[in-house]
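To start, the structure under review is shown below, and the notes come after it.
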Amino acid sequence: MAEQPTFFLILSALLFGLGATGVAVRRNPLVMFMCIEMMLNAANLAMLTFARYPVVMPPGGLGGPSDGPVFVFVVMFVAAAEAVVGLAIIITIFRSRQNVDVDDLSAMRG
Amino acid sequence: MDNALLFFLGALSLASALGVVGSTQAVYSALSLTVNLLVMAVLFLFLGAEFLGLAQILIYAGAVMVLFLFAVTLLAPREETLFKLTGHPQRLLGIFVGLVLAITLGALMVAFPRTPPSGPDGTIQGFGKLVSGLYVLPFEATAFVLLVALMGAVVLGKKELNG
C-alpha cells in the first residue's frame, strides 16, 4: 500500500468532491445540508491527516503541526451551529410555504 | 490486517457518501450520512485523535443526526426525481465541478513536501493543554458561536417574528 497519508488525503478529496456534487445536483435543502456536513467532515479528515503527517512548515508561525485537532474541534462546533440555524430556517420556510424545493425559493423574504 | 481494514473503511465511507448524494428519499440520505460519520470517527481514531473520534460520535452521529432525522421526518419531503439530466444542464455541470474539485484537491494535498511523521498529542490531555493555552480565545469564541446559534434557533422557532 502507498504511504498512509496519501490514502487519507485522497479519500478526503473524494468525499469533498462528492459533497460538492451533491450540493449542486440535489434540490432538497435538507439533503444539501447533509452534503455540506460531509464536505466539512472531509476537510476535518484532511486537517487531522496533516496534523499526523506534518508538511514542511514555513518558519516563524505561531502554532505547530500538532495544533490540527483544535481546528477540527472548532470546525465541528461551527458545523453543529450551522446545522441548528439552517434547519430552523428550513422549517420556518416550510411552515409558511408548505414546500421545500430550492428551485422554487429564490428570495429569503416571505 | 491494518491495510485491509483501512481499505474497507474507505470503501464503506465512499459508498455511504454516494448513498447520501444518490438516494431519492431524504431519510435514506440521512441514514447513509450517519454511516459516513461513524466511519469518519473510526478514521479519526486511526489518525491518533482519540478525543476527536469520540467527539465526532457524540456531536455528529448523536446530536446533529438526530436533528437531521427530526427535520426530515417533520417535513416529509417528496421523492426527488434524480438523474433526469436532460433539461437540467446545471446537474451535469455539478457532477463535472465535483470531479474537478476532487482531482485538484487530491493532487494538491498529496503534493505537499512532508517531514517524517510525528504523532500529535491527540489525547484529551494534549488537547486540553492547547485549548487552555495558546487557543483559549478561539475556544471561547466557539462557545459564543454556539450561544448565538441557540438564540437564533429560538428566534426562528417563534410563531411570529414580530410578535
- Sort B:Ser29 into side chain, backbone, both or neither according to what part of it lies under 4.5 angstrom from a heavy atom of chain A. both
- Any idea which heavy atoms bring A:Val84 and B:Ala149 closest together, and the distance? CG1-O, 4.1 Å
- Once you round to the nearest 0.5 Å, how far does CD of A:Glu37 lie from CG of B:Asn36? 11.0 Å
Could you tabulate the donor-acceptor pairs under 3.5 Å formed by side-chain atoms of residues 100-109 of chain B, not counting sequence neighbours?
from: B:Thr104; atom 1: OG1; to: B:Val100; atom 2: O; distance (Å): 2.7
from: B:Thr104; atom 1: OG1; to: B:Leu101; atom 2: O; distance (Å): 3.1

- Item | B:Val97, part contacting chain A, at a heavy-atom distance under 4.5 Å | neither
- Kindly indicate, with the supporting measurements, whether the criterion side-chain contact (heavy atoms from CB on, under 4.5 Å) is fulfilled by A:Met76 and B:Thr142. CA-CA 10 Å; A:Met76 227 180 236; B:Thr142 311; over 6 Å; no
- Message: Before you tell me yes or no, could you show the steps for A:Phe8 and B:Phe46 under ring pair (Phe, Tyr, Trp, His ring centres under 6.0 Å), namely the whole-Å CA-CA distance, both residues' side-chain angles and the distance that decides it to 0.1 Å?
- Response: CA-CA 10 Å; A:Phe8 286 112; B:Phe46 263 101; 7.1 Å; no
- Item | Side chain / backbone / both / neither for B:Ala141 at chain A, heavy atoms under 4.5 Å | neither
- Of all residues at least two apart in sequence or in a different chain, which pass the ring pair (Phe, Tyr, Trp, His ring centres under 6.0 Å) check with A:Phe73? A:Phe77, B:Phe127, B:Phe139
- Counting heavy-atom pairs under 4.5 Å with chain B, the top scorer among A:Leu14, A:Val78, A:Leu45 is A:Leu45
- Query: At what distance, to the nearest 0.5 angstrom, does CG of A:Leu15 lie from CG of B:Leu18?
  - Reply: 9.5 Å
- Rounded to the nearest 0.5 angstrom, the CG-OG1 distance for A:Leu30 and B:Thr73 is 9.5 Å
- Task: Could you check if a side-chain atom of B:Val21 sits within less than 4.5 angstrom of a side-chain atom of A:Cys35, using non-hydrogen atoms only?
- Result: yes
- Task: Heavy-atom distances under 4.5 Å only: say whether B:Leu67 touches chain A with side chain, backbone, both or neither.
- Result: both
- Message: Can you confirm whether A:Thr21 sits close enough to B:Phe96 that some side-chain heavy atom of one is under 4.5 Å from a side-chain heavy atom of the other?
- Response: no
- Are B:Gln56 and A:Asn41 close enough that a side-chain donor and a side-chain acceptor fall under 3.5 Å? yes
- Query: Considering only heavy atoms, which portion of B:Leu33 lies under 4.5 Å from any heavy atom of chain A: side chain, backbone, both, or neither?
  - Reply: side chain
- Message: What part of A:Leu18 gets within 4.5 angstrom of chain B, counting heavy atoms only: side chain, backbone, both, or neither?
- Response: both
